[in-house]
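Per chain, numbering begins at 1; letters A, B, ... match sequence-line order.
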Number of protein chains: 2
Amino acid sequence: MSDLLERLRGRGWRMTAQRRVVAEVLDGDHVHLTADEVHARAVERLPEISRATVYNTLGELVSLGEVLEVSTDRRAKRYDPNAHRPHHHLVCAGCGAIRDVHPIGNPLADLPAAERFGFTVSDVEVTYRGLCPECAAAA
Amino acid sequence: MSDLLERLRGRGWRMTAQRRVVAEVLDGDHVHLTADEVHARAVERLPEISRATVYNTLGELVSLGEVLEVSTDRRAKRYDPNAHRPHHHLVCAGCGAIRDVHPIGNPLADLPAAERFGFTVSDVEVTYRGLCPECAAAA
DNA sequence: GCTTGACTTAGACAAAGTCCATTGTAGGAT
DNA sequence: ATCCTACAATGGACTTTGTCTAAGTCAAGC
């Protein structure tokens, strides 16, 4: 995590208390917080931080490639700090829990030229859906 | 399309002018309209139709499995009438154009048990991203 | 320890979607 | 053909998520 802060400083990022708190909140594995959740946790450490700053900072982290934007449902975007290891997502239809997953193979190679409509295809995003053990037991 | 209306009537759907217009607007291939676009086109045929009715009707069509909800960007949901042939989507990062595509293989089989975290995985959604010919030429 | 331009703030604003009380009507019953 | 009634439509208020702006604040270089 301090790696991240160092890297950002090296790129000319001005280090402020607000930015540090947002970066710290996003630390960890299988972390997929919404902007408002990030804000709520940031407020615990820095009560006067504003929503706009959280949105701005998240946007910057995404632009810098340090955080990924994920939208698994049609609600709020989620922010995934695991940006340096490519992965996809597995989402529980019941409770919304999200896990990072690593399928085998390369889905990009599975799209035949005839199905590309002349597009330059550069990226693919895979979302698996199902029920987590808890929600499956409750159903 | 009249197939669709027949099928819905058979399931006890009360047929109204509003529902008919919404279903008609959604007819075709590679159709991926937002709720507001559906509303705009419905208004051309039935000026007094309300936004709430369009939302309600789209929601019902989705519940009945006749239409798919697609969220390729973080903007509005899009509605895809091509619900009976499984497919994925190819989206232009420039202009937002969407095409239905059919990759080879079955991505569901590509998720090892060890990567399922005990989930019952039932569905997978694949979104390819790139540039359409027009946007690639403009870039 | 100044200065300055980048950063933060609060609140207004916007887009997408939901909710609800009221009004209207499709389709079966008579 | 007309009547009834449960289901559907309406419009407007409300919510959620996110963006924008003008004014104030502060990190970092000198």
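- When DNA chain D is scanned 5' to 3' for any atom under 4.0 Å from a heavy atom of chain A, the first and last hits are dT16(D) to dA28(D).
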Below 3.5 Å, can you tabulate the donor-acceptor pairs from side chains in residues 108-115 of chain A to any protein atom, sequence neighbours excluded?
| unit_1 | atom_1 | unit_2 | atom_2 | d |
| --- | --- | --- | --- | --- |
| E115(A) | OE1 | H102(B) | N | 2.6 |
| E115(A) | OE1 | H102(B) | ND1 | 3.4 |

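- For R116(A), there are no salt bridge (Lys or Arg N to Asp or Glu O under 4.0 Å) partners at least two apart in sequence or on another chain.
- Following rounding to the nearest Å, L8(A) (CG) and dA6(C) (P) show an atom-to-atom distance of 18 Å.
- Under the side-chain contact (heavy atoms from CB on, under 4.5 Å) criterion, S122(A) pairs with no residue, sequence neighbours left out.
- Scanning for salt bridge (Lys or Arg N to Asp or Glu O under 4.0 Å) contacts around E60(B) gives R19(B), with sequence neighbours left out.
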5' to 3', nucleotides 23-29 of chain C under a 4.0 Å protein heavy-atom cut-off (B base, S sugar-phosphate only, - none) gives -BBBS--

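- Residues from residues 36-54 of chain B placing a heavy atom under 4.0 Å of any atom in DNA chain C, listed by number, are D36(B), R51(B), A52(B).
- Listed by chain and residue number, H30(A) satisfy the ring pair (Phe, Tyr, Trp, His ring centres under 6.0 Å) test with F117(B) (two or more places apart in sequence, or in another chain).
- Within the structure, a side-chain polar atom (N or O) of Y55(B) is placed less than 4.0 Å from OP1 or OP2 of dG17(C).
- The two residues D100(A) and H32(A) have their closest heavy-atom pair at OD1-NE2, 2.7 Å.
- Rounded to whole Å, the distance from CD on Q18(A) to P on dT8(C) is 5 Å.
- Comparing the local axis fitted to the first five base pairs of the helix from dG1(C)-dC30(D) to dT30(C)-dA1(D) with the one fitted to its last five gives a bend of 30°, rounded to 10°.
- When side chains are defined from C-beta on, V126(B) does not count as touching V101(B), because their heavy atoms never get closer than 4.5 Å.
- For residues 64-87 of chain B, the set of pairs meeting the ring pair (Phe, Tyr, Trp, His ring centres under 6.0 Å) definition, not counting sequence neighbours, comprises H87(B)-H89(B).
- When the P atom of dA14(C) is taken as reference, atom CZ of R75(B) falls 14 Å away, rounded to whole Å.
- The distance from the CG atom of L58(B) to the CZ atom of R78(B) is 12.5 Å, given to the nearest 0.5 Å.
- Through direct or relayed side-chain contacts under 4.5 Å between Ile, Leu, Val, Met, Phe, Trp and Tyr, I98(B) connects to V91(B).
- Nearest heavy-atom pair across P133(B) and G118(A) is CG-O, 3.5 Å.
- By the side-chain contact (heavy atoms from CB on, under 4.5 Å) test, D123(B) pairs with R129(A), sequence neighbours left out.
- Atom CG of L64(A) and atom CG of L4(A) lie 9.0 Å apart (nearest 0.5 Å).
- In this structure, R78(B) places its CZ atom 15 Å from C1' of dG17(C), rounding to the nearest Å.
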